Amino acid sequence: MSEQDTILDALAPVADGIAATLGSFCEVVVHDFRRPEKSVVAIAGSVTDRRVGGSMSEIGMGLLARGDDAEDQLNYVTRTASGKLVKSSTMLLRDSGGSVFGALCVNLDVTALGRLKTLVGELADVGAATETPTTTFGDDVDAVVDAIVDEHQLRLNKPWAALSREERLDLFRGLHARGVFAMRRAVPRVAARIGISRASAYNYLAEIREQGAS
């Protein structure tokens with residue numbers, strides 16, 4: 001067994017212990033970045049409704065894209081597609097050589113606290129609460145990829161067919177920076193989502209990678 005596998009195996013009971021200590025509003029997930037489409041290798045608790053064998057979220061893809069330069073993401077808040085407000089910390093796992101190969105994530109369902117904060121804010125007349133970004137948590141990596149692509153369309157506010165060539169390149173740059181193309185089926189999935197051929201998608205990806213290397 002490799003050093004990385006040993007660390008991942010050792011963290012499974014740690015995840016159980018943390019979740020048991022913090023209670024039913026807590027979920028602890030162990031991710032193996034070496035298999036991003038099925039990165040969840042251990043999970044305790046049920047905040048995001050994932051199972052072992054599930055995929056990483058957009059946040060995990062972004063960390064994967066940064067490789068060994070990635071840093072821990074601590075104390076951030078997101079919202080699931082079902083409306084849960086989740087406060088999370090993602091701690092990267094590194095081997096003795098410093099290589100990032102996984103993460104330990106702690107997710108707390110703070111939905112009730114979020115509603116209380118909003119109520120108190122309204123009563124105190126401190127203005128509207130800051131909008132919390134929605135994150136896709138799921139067992140199916142295709143759903144995560146679709147959500148990231150659709151987020152770009154919402155920002156552009158125009159149909160895919162109306163995008164210029166440079167706008168499509170910008171789309172592929174953004175997806176690449178967020179680690180989407182580390183997923184094995186991502187290129188054909190993105191192509192189908194935006195209505196272009198696989199060949200065109202691979203050409204766009206090759207071009208932005210070439211630009212990044214130059």
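Just so it is clear, the model here is predicted, and its values are computed rather than measured.
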(message) Between Val30 and Leu8, is there a side-chain heavy-atom distance shorter than 4.5 Å?
(response) yes

(message) I need the minimum non-hydrogen distance between Ala44 and Asp16, along with the two atoms involved.
(response) CB-OD1, 3.3 Å

(request) State whether a side-chain donor-acceptor pair under 3.5 Å links Thr90 with Tyr76. (result) yes

(request) Look only at the side chain of Asp72 and the backbone of Leu74, and say whether a donor-acceptor pair between them is shorter than 3.5 Å. (result) no

(message) Please report the interatomic distance CG(Asn75) to OG(Ser89), rounded to the nearest 0.5 Å.
(response) 5.5 Å

(request) Look up atom OG1 in Thr48 and atom CG in Asp109, then write down how far apart they are to the nearest 0.5 Å. (result) 10.5 Å

(request) Mind checking the CZ-OH spacing from Arg209 to Tyr202? Nearest 0.5 Å is all I need. (result) 9.5 Å

(request) State whether Lys84 and Glu27 are salt-bridged, where the test is any N-O pair (Lys NZ or Arg NE/NH1/NH2 against Asp/Glu carboxylate O) under 4.0 Å. (result) no

(request) Kindly indicate, with the supporting measurements, whether the criterion side chain to side chain contact (heavy atoms under 4.5 Å, CB included) is fulfilled by Val29 and Arg50. (result) CA-CA 9 Å; Val29 187; Arg50 282 177 294 177; 3.8 Å; yes

(message) Can you confirm whether Val77 sits close enough to Val86 that some side-chain heavy atom of one is under 4.5 Å from a side-chain heavy atom of the other?
(response) no

(message) Nearest 0.5 angstrom please: Ser164 OG to Asp170 CG, how far?
(response) 7.5 Å

(message) Does any part of the side chain of Glu58, heavy atoms only, come nearer than 4.5 Å to the side chain of Thr78, both counted from C-beta?
(response) no

(message) Contact between Arg198 and Pro188 at the side-chain level, heavy atoms closer than 4.5 Å - yes or no?
(response) yes

(message) When you compare the side chain of Ile194 with that of Val149, does any pair of heavy atoms fall below 4.5 Å?
(response) yes

(message) For a quick test of reading the model, state the closest non-hydrogen atom pair linking Phe181 to Leu175 and the distance between them.
(response) CE1-CB, 3.6 Å

(request) Could you state whether Val28 and Phe25 fall into the same hydrophobic cluster, counting links through intermediate Ile, Leu, Val, Met, Phe, Trp or Tyr residues with side-chain heavy atoms under 4.5 angstrom apart? (result) no

(request) Compare every heavy atom of Ala103 with every heavy atom of Phe33, then report the nearest pair and how far apart it is. (result) CZ-CB, 3.8 Å

(message) Can you confirm whether the side chains of Asp5 and Ser2 place a donor and an acceptor under 3.5 Å from each other?
(response) yes

(request) Starting at CG of Leu85, measure out to CZ of Arg79 and round the result to the nearest 0.5 Å. (result) 5.0 Å

(message) So, applying side chain to side chain contact (heavy atoms under 4.5 Å, CB included) with Val145, which one of Arg193, Arg178, Met61, Arg185 is it?
(response) Met61

(message) Under the side chain to side chain contact (heavy atoms under 4.5 Å, CB included) test against Val40, which residue among Arg35, His31, Met56 passes?
(response) His31

(request) Give the minimum heavy-atom separation between Val14 and Ala10, together with the two atoms involved. (result) CG2-O, 3.6 Å

(message) Under 3.5 Å, is there a donor on one side chain and an acceptor on the other for Glu3 and Ser96?
(response) yes

(request) Could you tell me whether the side chains of Ser88 and Asn107 share a donor-acceptor contact shorter than 3.5 Å? (result) yes

(request) Sequence neighbours left out, what passes salt bridge (Lys or Arg N to Asp or Glu O under 4.0 Å) with Glu207? Give chain and number order. (result) Arg165

(request) For Leu64 and Ala182, work out which heavy atoms get closest and say how close. (result) CD2-CB, 3.5 Å

(request) Return the minimal non-hydrogen interatomic distance between Gly45 and Ala19, and the atom names on each side. (result) N-CB, 4.4 Å

(message) Looking at Glu71, I want to see if its CD is surrounded by more than 12 non-hydrogen atoms of other residues, nucleotides or ligands under 6.0 Å.
(response) no

(message) Are the side chains of Val187 and Tyr204 in contact, using a 4.5 Å heavy-atom criterion?
(response) no

(request) Hey, could you give me the CG/OG distance between Asn203 and Ser197, rounded to the nearest 0.5 Å? (result) 7.5 Å

(message) Run the salt bridge (charged side-chain N to carboxylate O under 4.0 Å, His left out) test on Asp69 and Arg66 for me, step by step, so that the C-alpha distance in whole Å, both residues' side-chain angles and the decisive distance to 0.1 Å come before the verdict.
(response) CA-CA 6 Å; Asp69 293 328; Arg66 292 192 284 277; over 6 Å; no

(request) Could you go through the side chain to side chain contact (heavy atoms under 4.5 Å, CB included) check for Gln73 and Met91 one step at a time? (result) CA-CA 7 Å; Gln73 302 293 304; Met91 287 73 66; over 6 Å; no

(request) Answer yes or no: is there a side-chain heavy-atom contact under 4.5 Å between Arg189 and Asp146? (result) yes

(request) Decide yes or no for Arg168 and Ile196: does some side-chain heavy atom of the first lie under 4.5 Å from some side-chain heavy atom of the second? (result) yes

